[in-house]
Amino acid sequence: MSRQLPPLSFVDLHALDVSSEILDACAALFSSDYGIWSQAGPRPGHNVELSARALRASLLFDPDTCRLAVAKTLAGEVIGQAFYCNFPYKPAGQRVVWITQLVVKTEYRGQHIARKLLRSACGDHGLFACCLVSCNPIAVMALCSAVGSDPNLVATAVHIGRIVKASGVPYIQGRPITINSEYSCSKMATAFHVCHPEMIPSHMFMRKWKLGSVLPGEEFVAVIFPPGTHLSSDRTLRCKHQVPGSTSRQ
């Protein structure tokens, strides 16, 4: 059951403006509320943990593109966070946002905090796409709600390889991506074996769900194009621009 939501403030910070105090709070929130290692993980049944130093190295790696959106109580407690990169994407002549971490304190979930954080991250006018890799369908649906659109897997197949490369996000580089020939599956083999206690199976979303299912060690790849984005459906263009080894079609 969700706890009553206190008054909140939402703050968006450039990488260089993220203080050690804020980063320590983010590390504590992630380590207590993100998820637990599955049986294939390094510490099955234990919380997935990251230090503040690891967060800065892996998620604030580029001061020009990396940012952090946080939700704080008036007392200063961080109860939600979204690390992200906002970077130029030359093939479209626009910018793309990649959400690199999304966490909301367990007792405050279900009250649209994630959606507000994602709107803060993806709120720039003229964005070409907003992207996320997660094994949790709730996170994907929150991104769809924040952007106001559903996944387009034909367009994803055209752009995903080049978006991943342009992002510079370390943990997704070189990871195999699968988009099947029916455009009903979009996933990445990240080898991140984590369980989310609140996770709802993707099939529970029924007709709204477009990304298929994932196996252990895989995560959904969600590329959400804002309403009105000009997209090419040219299949020749899709094949021409795939990054070798990054995208397969089953």
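From a predicted model like this one, the values you see are computed outputs, not experimental measurements.
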Report task. Output, in order, the C-alpha distance, side-chain angles, deciding distance and verdict of side chain to side chain contact (heavy atoms under 4.5 Å, CB included) for R67 and L13. Result -> CA-CA 6 Å; R67 299 181 66 99; L13 301 167; over 6 Å; no
What is the minimum heavy-atom distance between [X] and [Y], and which atoms define it?
X: A27; Y: S51; result: CB-C, 3.8 Å
X: L118; Y: A142; result: CD1-C, 3.7 Å
X: A166; Y: P88; result: CB-O, 4.1 Å
X: C26; Y: L55; result: C-CD1, 3.9 Å
X: C122; Y: I99; result: SG-CD1, 4.3 Å
X: V78; Y: A25; result: CG2-CB, 3.8 Å

Exam field: side chain [X] to backbone [Y], donor-acceptor pair closer than 3.5 Å:
X: R109; Y: V104; result: yes
X: S145; Y: M141; result: no
X: T100; Y: F83; result: yes
X: Q94; Y: G126; result: yes
X: T156; Y: I160; result: no
X: R162; Y: V158; result: yes
X: S186; Y: V221; result: yes

Requested in this report: Applying side chain to side chain contact (heavy atoms under 4.5 Å, CB included), run through V48 and F30 and close with a yes or a no.
Outcome: CA-CA 8 Å; V48 181; F30 176 88; 3.8 Å; yes
Report task. Measure from the ring center of W37 to the ring center of F192 and say whether it is less than 6.0 Å. Result -> yes
Does any part of the side chain of [Y], heavy atoms only, come nearer than 4.5 Å to the side chain of [X], both counted from C-beta?
X: L211; Y: V140; answer: yes
X: V154; Y: L231; answer: no
X: C131; Y: I163; answer: yes
X: L29; Y: K105; answer: yes
X: L117; Y: F10; answer: yes
X: P226; Y: S149; answer: no
X: L127; Y: N86; answer: yes
X: R56; Y: R53; answer: no

Once you round to the nearest 0.5 Å, how far does [atom1] of [X] lie from [atom2] of [Y]?
X: L59; Y: Q81; atom1: CG; atom2: CD; result: 9.0 Å
X: D62; Y: S167; atom1: CG; atom2: OG; result: 10.5 Å
X: K90; Y: F128; atom1: NZ; atom2: CZ; result: 16.0 Å
X: E107; Y: Q4; atom1: CD; atom2: CD; result: 13.5 Å
X: K187; Y: L215; atom1: NZ; atom2: CG; result: 4.5 Å
X: W98; Y: L132; atom1: CH2; atom2: CG; result: 8.0 Å

Query - Residue Q173 excluded, over 12 heavy atoms near CD under 6.0 Å - result: yes
Report task. Check step by step if side chain to side chain contact (heavy atoms under 4.5 Å, CB included) holds for D17 and H14. Result -> CA-CA 5 Å; D17 295 327; H14 286 281; 3.7 Å; yes
Query raised in the report: How far apart are the C-alpha atoms of I36 and V194, what are their side-chain angles, what is the distance that settles it, and do they pass the side chain to side chain contact (heavy atoms under 4.5 Å, CB included) test?
Result: CA-CA 6 Å; I36 59 175; V194 64; 6.0 Å; no
When you check the side-chain N and O atoms of [X] and [Y], is any donor under 3.5 Å from an acceptor?
X: N47; Y: S31; value: no
X: D33; Y: T106; value: yes
X: S134; Y: E219; value: no
X: D12; Y: Y84; value: yes
X: N180; Y: S184; value: yes

Query raised in the report: Can you tell which of V147, D150, V96, N152 makes a side chain to side chain contact (heavy atoms under 4.5 Å, CB included) with F225?
Result: N152
**Report entry** side-chain hydrogen bond (donor to acceptor under 3.5 Å, both in side chains) partners for S58, two or more places apart
**Finding:** none
